[in-house]
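Note that these values count all heavy atoms, side chains included, but never hydrogens, waters or copies made by symmetry. All figures in this text were calculated on a predicted structure; none of them were measured in a lab. Counting from 1, the numbers follow the sequence of the chain as shown. Each ligand, and each atom within it, is numbered from 1 in the order the structure gives.
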Amino acid sequence: MQKIDNFINGKITPPKDKEYMPNYEPATGEAYSEVALSKKEDVEEAVAAAQSAFKSWSCLPSEKRASYLQAIANRIEEHLEDFAQAESKDTGKPISLARTVDIPRAISNFRFFAAAAIQFASEAHPMDTRAINYTLRQPVGVVGCISPWNLPLYLLTWKIAPALAAGCTVVAKPSELTPMTAFLLSKVCQEIELPAGVLNIIQGKGNEAGAAITGHPQIKAISFTGGTATGATIAAQVATQFKKLSLELGGKNPTIIFEDCDYADALQTAISAAFSNQGQICLCGSRILIQASIYEKFRNDFVALAQNLLPQDPLLPETKLGAVISKEHQQKILSYIQIARQEGGKILCGGNSIVLEGRCQNGWFVAPTVIEGLDYTCTANQEEIFGPVVTLLPFETEEELLQIANGTPYGLAANLWTNNLKRAHRLGALLEFGIIWVNCWMLRDLRTPFGGVKNSGLGREGGFEAMRFFTEPKNICIKLG
Ligand code: NAD
């Protein structure tokens, strides 16, 4: 069986103690490769390689660093189909999504930060004729980048690319559940002859390899995307080491439908926002808040579309809904549906796992599930389920809407459907989320700050902000005259 090893100091490197665990294909429930279970010693080796590469990488002219990032982007593009197949197989997501969203966006990450590396600038503050201050932004050193399984290559490169552009060297860890695209990225780095040690990829579990990265004294900044509970553990660990920390965490995002919206567009986008990637996107709209005057019509139309969206083999080109990431996650999703039933929720469609025929008969599938009748304080309206499960909630007034929308511990993203311009601005300011989409969903301009408030995260990634995170500002004050 194929082994998925680490990438350390420019070489594909087996873990020191030769321990592996099975890597499953969610659509079949079968292991198809083995992933390295790296330990502290492997992380030590990667950090040492990154440290020795730091001086020359950080001193390279920014054009040269940019050309390496461009070369990585070009090579991923040449291998796009291999990456898309690997991503679909590892995650269970429809191949069409991997081909058109995940992998192209990973390529864009490298291209965007290649351009940003050249454009990166700093500030000067003249004090009339007395002195001039300027801010020197120097790369912090070796940094750790840790990412989850739902958009594996896209989210990992969203961290790696700005770190490399800023002149840092990197020890990165993908999720142990989806290691394959990061492994292919290792090979790309070899092909384009990225200098050894600049990017190191450690495979393995969070509580071993991940904790060894976040706890390493020579790692100066941690950029983490994942669950809120893990984020809290990491925040506690790195606080005493005074590391820089960026956390992109969970969400419980509302899709808000007003009666004056463009109905067909709102309905179709609400379906995509609910069920794309089987509801396993941190930005998914899992609570649909509908103005009472159109509640019944919207509910019936929404359920009719959701019922038609049945899971299929993710590797088929026409598939729109694939498998969920693991057996445990499937059980977790089903247990949330059970709690919703106990709390008085009415299941309008779905509510069960699905067994497919043929190649995918042992895969982990869940039917798109729509629930109504739950108060906004109920479990299914408060906790992140991270599956193809949405709740419907009617509202009468803007005041009530804000109470429901803002009434969770999370604050990642909201999408708001209205043609009333004043209302859009008013609610845009009052909704407690890091991202507010008006009449759209998932539109991303990589120059904008990205991230959540409340329990959804800390710090902002995106644009030059992302590169600044990987630098340490130093003020130089020069007396004039
Ligand atoms: P997770 O927190 O279980 O794992 C994320 C990563 O952290 C994995 O690589 C894991 O191995 C590692 N990890 C786990 N414990 C660790 C520890 N103690 N120290 C260091 N590393 C550790 O999350 P997941 O289940 O992989 O991903 C799903 C979660 O990610 C959801 O909550 C989702 O909302 C969130 N997410 C957030 C964003 C965002 O941008 N805000 C994007 C995607 C996913």
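- Close approach of ligand 1 to Asn150 (heavy-atom distance below 4.0 Å) involves ligand atoms 43 (C), 44 (C).
- Checking only distances, Thr233 never comes within under 3.5 Å of ligand 1, N or O to N or O.
- With no hydrogens or angles considered, a side-chain donor-acceptor pair links Thr255 and Asn415 at under 3.5 Å.
- Of the protein's non-hydrogen atoms, Pro148 CB, 3.2 Å is the one closest to atom 27 (O) of ligand 1.
- Residue Glu384 has at least one N or O atom closer than 3.5 Å to an N or O atom of ligand 1.
- The ligand atoms of ligand 1 that sit less than 4.0 angstrom from a heavy atom of Pro174 are 9 (O).
- For atom 24 (P) of ligand 1, the nearest protein heavy atom lies under 4.0 Å away.
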Give the C-alpha distance, both sets of side-chain angles, the deciding distance and a yes or no for salt bridge (charged side-chain N to carboxylate O under 4.0 Å, His left out) between Glu44 and Lys16.
CA-CA 11 Å; Glu44 286 290 351; Lys16 285 192 191 308; over 6 Å; no
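- Closest to atom 15 (N) of ligand 1 among all protein heavy atoms lies Thr230 CG2, 3.2 Å.
- Looking only at distances, no side-chain donor or acceptor of Glu30 sits under 3.5 Å from a matching main-chain atom of Tyr24.
- The shortest N or O to N or O distance between Lys173 and ligand 1 is below 3.5 Å.
- Defined by atom type and a distance below 3.5 Å, a donor-acceptor pair is missing between the side-chain atoms of His329 and Gln278.
- Side-chain N or O atoms of Ser88 include none that pairs as donor or acceptor with a backbone N or O of Ala84 at under 3.5 Å.
- For the residue pair Ala274 and Val390, the shortest heavy atom distance occurs at CB-CG1, 3.4 Å.
- Glu383 and Tyr336 form a side-chain donor-acceptor contact under 3.5 Å, judged by distance and modelled atom types alone.
- With hydrogens left out, the protein atom closest to atom 7 (O) of ligand 1 is Phe224 CE1, 3.1 Å, a heavy atom.
- Side-chain atoms of Ser456 come within 3.5 Å of backbone atoms of Gly250 as a donor-acceptor pair (strictly under, hydrogens ignored).
- Within the 4.0 Å heavy-atom criterion, the part of Ser147 lying near ligand 1 is the backbone and not the side chain.
- Thr225 and Lys159 share a side-chain donor-acceptor pair at under 3.5 Å.
- If you look at Ile234 next to ligand 1, the close heavy atoms, those under 4.0 Å, all belong to the side chain.
- Any N or O atom pair closer than 3.5 Å counts here, and Trp149 shares at least one such pair with ligand 1.
- Closest protein heavy atom to atom 18 (N) of ligand 1: Gly206 O, 4.0 Å.
- The ligand atoms of ligand 1 that sit less than 4.0 angstrom from a heavy atom of Ala211 are 19 (N), 20 (C).
- The protein heavy-atom contact nearest to atom 35 (C) of ligand 1 is Gly226 O, 3.2 Å.
- If you check the side chains of Asn23 and Asp90, you find a donor sitting under 3.5 Å from an acceptor.
- Contacts of Leu412 with ligand 1, taken as heavy-atom pairs under 4.0 Å, involve the side chain alone.
- The proximity of Ile281 to ligand 1, defined as any non-hydrogen pair under 4.0 Å, does not occur for either the backbone or the side chain.
- Checking only distances, Ile146 never comes within under 3.5 Å of ligand 1, N or O to N or O.
- Each of the following atoms of ligand 1 lies closer than 4.0 Å to a heavy atom of Phe450: 40 (O).
- Using modelled atom types, one finds no donor on one side chain facing an acceptor on the other under 3.5 Å when comparing Gln241 with His216.
- Protein heavy atom nearest atom 28 (C) of ligand 1, with residue, atom name and distance: Phe386 CE2, 3.7 Å.
- From the protein, the heavy atom lying nearest to atom 41 (N) of ligand 1 is Leu249 O, 2.7 Å.
- Checking side-chain atoms of Asn6 against main-chain N and O of Ser38 turns up no donor-acceptor pair under 3.5 Å.
- Side-chain atoms of Thr228 and Asn455 include no donor-acceptor pair closer than 3.5 Å.
- The closest donor-acceptor contact from the side chain of Thr319 to the backbone of Asp313 lies under 3.5 Å.
- Each of the atoms 19 (N), 20 (C), 21 (N) of ligand 1 lies under 4.0 Å from some heavy atom of Gly210.
- Using 4.0 Å as the threshold, Gly231 has no heavy atom nearer than that to any atom of ligand 1.
- Looking at Leu249 and Phe224, their side chains come closer than 4.5 Å, going by heavy atoms from C-beta outward.
- Of the heavy atoms in Ala229, none comes closer than 4.0 Å to ligand 1.
- Contact annotation for Leu155 and ligand 1: only side-chain heavy atoms (C-beta onward) come within less than 4.0 Å of the ligand.
- Closest to atom 42 (C) of ligand 1, if we only count protein heavy atoms, is Cys282 SG, 2.9 Å.
- Side-chain N/O atoms of Lys252 and Thr408 include no donor and acceptor closer than 3.5 Å.
- Some N or O of Glu176 is nearer than 3.5 Å to an N or O of ligand 1, by distance alone.
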